[in-house]
Amino acid sequence: MQTAMPTMPANPSPRSNWSGNYRYHATEFFAPRTIDELQQMVAAATHCKALGSRHSFQGIADTPGAQISLEHLREMHLDPDARQVTVEAGVTYGELAPWLHQRGFALHNLASLPHISVAGACATATHGSGLRNGNLATAVSAIEIVTADGQLRHFSRHNNADFPGSVVALGALGIVVRLTLEVQPTYEIAQTVYENLPFAALESHLVEIFSAAYSVSLFTDWQQPRGTQLWLKRKVGALAMPTPAPTFHGATLAASDRHPLPEHDPIHCTQQGNAPGPWHERLPHFRMDFTPSSGAELQSEYFVPLEDAYRAIRAIEPLSVRIAPLLFVSEFRTIAADDLWMSPCYRRPCFAIHFTWKPDWPAVQKLLPAIETALAPFGALPHWGKLFTMQPEQFLPHYPRLKDFRELTRHCDPAGKFRNGVLDRYLFAST
Ligand SMILES: Cc1cc2nc3c(=O)[nH]c(=O)nc-3n(C[C@H](O)[C@H](O)[C@H](O)COP(=O)(O)OP(=O)(O)OC[C@H]3O[C@@H](n4cnc5c(N)ncnc54)[C@H](O)[C@@H]3O)c2cc1C
């Protein structure tokens, strides 16, 4: 077993989220230095909530009481024989991934950026892409949570029937202090970008295109019926890497590195050009030491069943004249089905349609209902960490284990200590 305690950046009481579009209402901010200290804080609090790296775009990490950051809890333990790593909840993927790689191990996937905390990402079902890749929470095999009474509870995939409700839990069960993740031998990825893939190619070849690599992302600006950039992240095997073909389903191989936002410098992005590199330096789109995405932005994302992907894209297209002026970029990704109760991919492989918006919430807020209406026939579910305007009754019926999740929440938090406006409105509205 190997252990590390990386150095810890100071984090003064944060009043806003990463994007600056949401100001927290929390009256206090604590960063306990030990789990004992955390347990005492939670037991004494009337209202509190875990705060991760603040990358969610609304009040899901907010509370009328104390926000609790686990930034001082950053230990990592690798068990190479069991192929598991246990991380404390202050650890980010940007810290974990290179640490694992140096020791010969890897995670199955990463999100578009490495800056987010493992605990916060898993709590909202954060995902990368790949037809066979579940969201990041699917790597979790055990989790330890300080519940409302200050007690430390263990949930394990192997011996706890409530485990599938404990991982994508939106901070509702308590404060996660440790997560154990399945790891695999480290691997390399080579990233290639193609430009201008006609949407028409998706009509009969969507699954073929999205299975052309280990992880595939298709970007669009909705200005024409085509994907502006197709990012293929291929796993490098024992055989020599094939030279990418000059064209792919009507798209053309990019002549140089690209940023998904054409006006941004690709230096912020992970290396392309089919150059093999460690998994954690290719799977995210953005490099740890640079600004991810645009910075001043808003995000929304909707999950539809994979089988409806093409129809869902076409359903949105008539709105493209309204979407394009407010948009930085859209991205399509795929996520494998899982068994986590509050995951949008619970028992259904998903196609995720993402929007990175310019920071104009009044205009975006007016547009979202039209997108949500267009996607309603497909049972679209919103990303828990992003912006949406759907009413709870529109999407909660698509969570078949909601009742079980509510029961588990009541068991861990009988007085609603970890509830906030988002949970009250979207999870407990009709109870
Ligand atoms: C630039 C950018 C790019 C993004 N890219 C992607 C992407 O590729 N894929 C994707 O799916 N999402 C993406 N997101 C969304 C992001 O991954 C989620 O919002 C995620 O939850 C952020 O994690 P966090 O640590 O910042 O959590 P926070 O925003 O701080 O909190 C989110 C939730 O997690 C809970 N939480 C945090 N820590 C704990 C803990 N210790 N115990 C219990 N609950 C906890 C909070 O209470 C809250 O409910 C992106 C966001 C940004 C800003």
Side-chain angles (χ1 to χ4, degrees), residues 11 14 16-22 24 26 31-32 35 38 42 48-63 67-71 73 87-94 109-129 135-137 143-147 166-179 215 217 260 268 283-286 290-303 328-329 331 333 335 342-345 350 352 354 356 382-387 412-413 418-423 426-427:
N11 184 4
S16 314
N17 64 348
W18 171 85
S19 135
N21 72 301
Y22 184 89
Y24 298 118
I35 293 174
L38 167 69
V42 171
C48 61
K49 190 86 180 161
L51 181 66
S53 52
R54 302 181 293 116
H55 282 77
S56 295
F57 287 87
Q58 23 76 349
I60 196 157
D62 206 354
T63 169
Q67 260 179 335
I68 301 186
S69 162
L70 301 196
E71 64 190 26
L73 302 182
V87 299
E88 287 189 328
V91 170
T92 64
Y93 285 100
N109 210 355
L110 290 168
S112 67
L113 76 176
H115 309 65
I116 48 179
S117 79
V118 176
C122 291
T124 62
T126 291
H127 60 93
S129 193
N135 65 41
L136 304 188
I143 192 160
E144 292 173 59
I145 307 179
V146 174
T147 53
S166 68
V167 188
V168 180
L170 315 168
L173 307 185
I175 316 281
V176 172
V177 294
R178 278 190 216 101
L179 305 100
S215 167
S217 286
H268 296 250
L283 286 174
H285 304 326
F286 304 107
F290 284 86
T291 307
S293 198
S294 161
E297 66 189 49
L298 305 174
Q299 294 187 11
S300 307
E301 190 167 29
Y302 300 94
F303 300 84
F328 280 128
V329 75
E331 180 181 5
R333 287 178 283 185
I335 308 107
M342 297 312 292
S343 161
C345 304
C350 279
H354 164 90
T356 301
H383 191 301
W384 288 116
K386 301 186 182 179
L387 291 159
C412 294
D413 182 22
F418 303 113
R419 294 237 201 134
N420 59 19
V422 173
L423 296 186
Y426 294 105
L427 290 184

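Whatever order the structure lists them in is the order used to number ligands and atoms, beginning at 1.
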Heavy-atom contacts with [X] under 4.0 Å: which atoms of ligand 1 show up? List them by number with element.
X	answer
Thr124	18 (C), 20 (C), 21 (O), 32 (C), 33 (C)
Leu113	1 (C), 2 (C), 3 (C), 4 (C), 5 (N)
Ala89	41 (N)
Phe57	51 (C), 52 (C), 53 (C)
Ile175	42 (N)
Ser112	3 (C), 4 (C), 5 (N), 6 (C), 7 (C), 8 (O)
Gln299	1 (C), 2 (C), 3 (C), 4 (C), 50 (C), 51 (C), 52 (C)

Looking only at heavy atoms, which two atoms of Val422 and Ile60 are closest? And how far apart? CG2-N, 3.7 Å

Give the contacting part of [X] toward ligand 1: side chain, backbone, both or neither, where contact means a heavy-atom distance below 4.0 Å.
X	value
Ser53	both
Ala123	side chain
Leu70	side chain

Just distances here: any N/O of Ile60 and N/O of ligand 1 closer than 3.5 Å? yes

To which of [options] does the heavy atom nearest [atom] belong?
atom	options	result
atom 22 (C) of ligand 1	Glu297, Glu144, Gln67, His55	His55
atom 38 (N) of ligand 1	Gly171, Gly128, Gly120, Gly174	Gly120
atom 7 (C) of ligand 1	His383, Arg333, Glu301, Gln58	Arg333
atom 16 (C) of ligand 1	Thr126, Leu283, Ile335	Thr126
atom 19 (O) of ligand 1	Ala125, Cys48, Gly52, Ser56	Ser56
atom 40 (C) of ligand 1	Ser117, Ala111, Ala50, Ser69	Ala50

For Ser343, which residues count as a side-chain hydrogen bond (donor to acceptor under 3.5 Å, both in side chains) partner, sequence neighbours excluded? Asn135, Asp338

For the residue pair Ile35 and Glu144, establish whether any side-chain heavy-atom pair is separated by less than 4.5 Å. no

Restricting to side-chain contact (heavy atoms from CB on, under 4.5 Å), what partner residues turn up for Ala123, sequence neighbours left out? none

